[in-house]
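Residue numbers begin at 1 in each chain, while the letters A, B, ... track the order of the sequences.
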Amino acid sequence: MNIDDRIERRLGYDTGLSVLADFEAVSPVSHAESPVGRGPAIERLLDVFAPAFSGSLPPSLYVYGPKGSGKSAVVSALFDRLSTHSGPRQAIQTTTRAVEPTIPGFVYVDARHASTRFRLYHAMLAAMSDDPVPDHGIGTEELAESLRDVMRTGPDLVVAVDHTNEVETPPASTLIGWLTDVGERLVPACIGRDPPDAIDWEPESTVEFAKYRRHVLVELLTSRCSTGLGRDALTHDQIRDIVEWSAGDAHDALAAVMGAAVSAERAGASTIRSADVDTGIEGVPRPCVALGRVLALPESRQRLLYELAGLSDDERSTVGAATEAIAARPGVDLSASTVRRVLYELADAGLLERVTVHRSDGKGRPPSRLVPLFPTVVFRELFDRQARTG
DNA sequence: ACCTGGTCCCGGGCTCGGTTTT
DNA sequence: AAAACCGAGCCCGGGACCAGGT
C-alpha cells in the first residue's frame, strides 16, 4: 500500500467501519512489494546474480526452503525490481577500454500456472512482451520459435520458475529441459521446497530459506496488519499468539489472521476478539496446503472445492453424498461422474484427505469422507472476492 | 460370491486463434 | 470483407477394471 492508498483510506467511507480494510494486504497469496525481514536472503540472491551485472551469465540457481518462508515473496519481488534494470546499460569505463555490459532480462513464472510446455512458453512470452499472447489456436512449437527469436535478438535471460516439484507442477528437470530448448543464453532459477539432494537436477548454486524467526514474523504481520486491517483491530499480543502458533510459517499465520478478521467482521465486531483469533487458528489445518495451490487450479476445480467447503456435515459424510450435493448446485455444470472423479483426483493431489467411515449397514467397501486440507473459510472469501472482481 | 468404493485411462468435443475459401 | 474451415491444447465424461469390505 503506497502513501496515496493510505491517505485515501483515511478519507474513505470505510475508515474504521470494517475490520478487514484491505484484504490483499493480509491475504496469504499476495506478496508485498518490499518483503519484510528478508534482507540477508536478498543479498545472497544478489551475490549469485552478481555476474549478470558485469555482462556475463550468472550460474543456474535453486532456491529452497519450507512453505511460508518467503521464497516466492522474495524472488518475485526481486525479479520484479531487477526486470526494470534489464537491457543495455550505460558504458562503463574500465582501465583499458569502455565496455557495454548488458543486464539480462529477469522473468518470473509460476509453474502452478505454467505446468505444461505450452503454458510455460506462454507465460514467458506474456511476461516479456507488451502485446497479448494468444492462448488458443497456436501450437507449442510456434511459441517456442517466437521465444528463440526473442533470445536471438534480445539480452540474456534469467528465468525463475516458482513452485517446482509440487503434485500438479513438473519436476525441475522437466522444466529445465523445456527452458534449455529455447535458448542457451538462458539461466534457470528454480524454486521449490525439496532440498537440493532430493531433486533430479543439479544446479550450479543454491540459496536456502529457513523458517521465519519469531520476531521477524511478528514484524511482518504487524506491517501487513497495519495496512490490511482497521486501526488497532489486532493487538500486539494477539499477533504474538498467532506467530507462536504458526511455528514460523508466514502463510499459515496470515491465513489465521484473515480467518480471524472474517470471523470478527461477520459478527459485526469492530476489532478482532480473542474468540475470533481462536476461530482463525482453528480454520487452518496443520499441516496446511498453501492457498496458492488451490487458487491456481482451473476455475471448475475451485468451484467444486468452494461448494464442498460449503456443504453440511451430513452432505459431506461420504464421497458419494458430496458428489450428489455438489453436482446439484446451480453454479456447478459438471456431470456427477466428473465431480466424483475430480474429487478423487483432488484427494490424490493432497488437497483433500480421505477419512474412511465405518458404517454399520456395511455392504461392500466402506466409503470415505473428504476433509479439506486448506483453510476453507479464507479460501471461500478469496474465491468470492476473485469472482466479484473478475 | 457379492457389493460398493476407488483408480485409471482415453476418445470426443469444446474453445478460440489462424488460415483458406467464398 | 465475411464466412467457413482447421487445428492447437486441454477439459469432460464415462466405462473398464481393481480394491476392500461382509
Any donor-acceptor pair under 3.5 Å between the side chain of Arg341(A) and the base of dG14(C)?
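Result: at least one qualifying N/O pair found.
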Can a donor-acceptor pair be found, under 3.5 Å and without considering hydrogens, that links the side chain of Asp276(A) to the backbone of Arg273(A)?
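Pair found, side chain donor or acceptor close to backbone of Arg273(A).
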Calculate the interatomic distance between [X] atom [atom1] and [N] atom [atom2]; express it in whole Å.
X: Arg340(A); N: dG15(C); atom1: CZ; atom2: P; result: 11 Å
X: Asp333(A); N: dG13(C); atom1: CG; atom2: P; result: 8 Å
X: Leu125(A); N: dG17(B); atom1: CG; atom2: C1'; result: 15 Å
X: Lys363(A); N: dC2(B); atom1: NZ; atom2: P; result: 13 Å
X: Leu334(A); N: dC11(C); atom1: CG; atom2: P; result: 12 Å
X: Leu297(A); N: dC10(C); atom1: CG; atom2: P; result: 15 Å
X: Glu141(A); N: dG9(C); atom1: CD; atom2: P; result: 9 Å
X: His122(A); N: dG9(C); atom1: NE2; atom2: C1'; result: 11 Å

Positions of residues 302-326 of chain A (non-hydrogen atom under 4.0 Å from DNA chain B), listed by number
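Heavy-atom cutoff 4.0 Å gives Val319(A).
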Just call it for Arg301(A): base, sugar-phosphate, or nothing, with non-hydrogen atoms closer than 4.0 Å on any strand.
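Touches sugar-phosphate only.
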Any side-chain heavy-atom pair of [X] and [Y] under 4.5 Å:
X: Arg286(A); Y: Trp245(A); result: yes
X: Leu304(A); Y: Leu297(A); result: no
X: Leu143(A); Y: Phe118(A); result: yes
X: Ser368(A); Y: Thr356(A); result: yes

Considering just the side-chain nitrogens and oxygens of [X], establish if one lies under 4.0 Å of OP1 or OP2 belonging to [N].
X: Thr338(A); N: dC12(C); answer: no
X: Arg119(A); N: dC10(C); answer: yes
X: Arg354(A); N: dA19(C); answer: no
X: Ser335(A); N: dG13(C); answer: yes

Residue [X], side-chain atoms from C-beta onward, closest of [options]:
X: Thr140(A); options: dG15(C), dG9(C), dC12(C); value: dG9(C)
X: His136(A); options: dC10(C), dT15(B), dG5(B); value: dT15(B)
X: Arg365(A); options: dT4(B), dC16(B), dC12(C); value: dT4(B)

Scan side-chain atoms only and decide if Ser72(A) and Asp162(A) contain a donor-acceptor pair under the 3.5 Å cut-off.
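A pair is found: one side chain offers a donor N or O, the other an acceptor, under 3.5 Å apart.
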Those residues that, when tested against Asp249(A), pass salt bridge (charged side-chain N to carboxylate O under 4.0 Å, His left out) (two or more places apart)
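Salt bridge (charged side-chain N to carboxylate O under 4.0 Å, His left out) check on Asp249(A) returns Lys67(A).
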Using ring pair (Phe, Tyr, Trp, His ring centres under 6.0 Å) as the criterion, list what pairs up with Tyr62(A), not counting sequence neighbours.
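Once residues adjacent in sequence are excluded, the partners of Tyr62(A) under the ring pair (Phe, Tyr, Trp, His ring centres under 6.0 Å) criterion are Tyr64(A).
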Between Pro134(A) and Thr356(A), just flag the one whose closest nucleotide in DNA chain B comes earlier from the 5' side.
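Closer to the 5' end of DNA chain B: Thr356(A).
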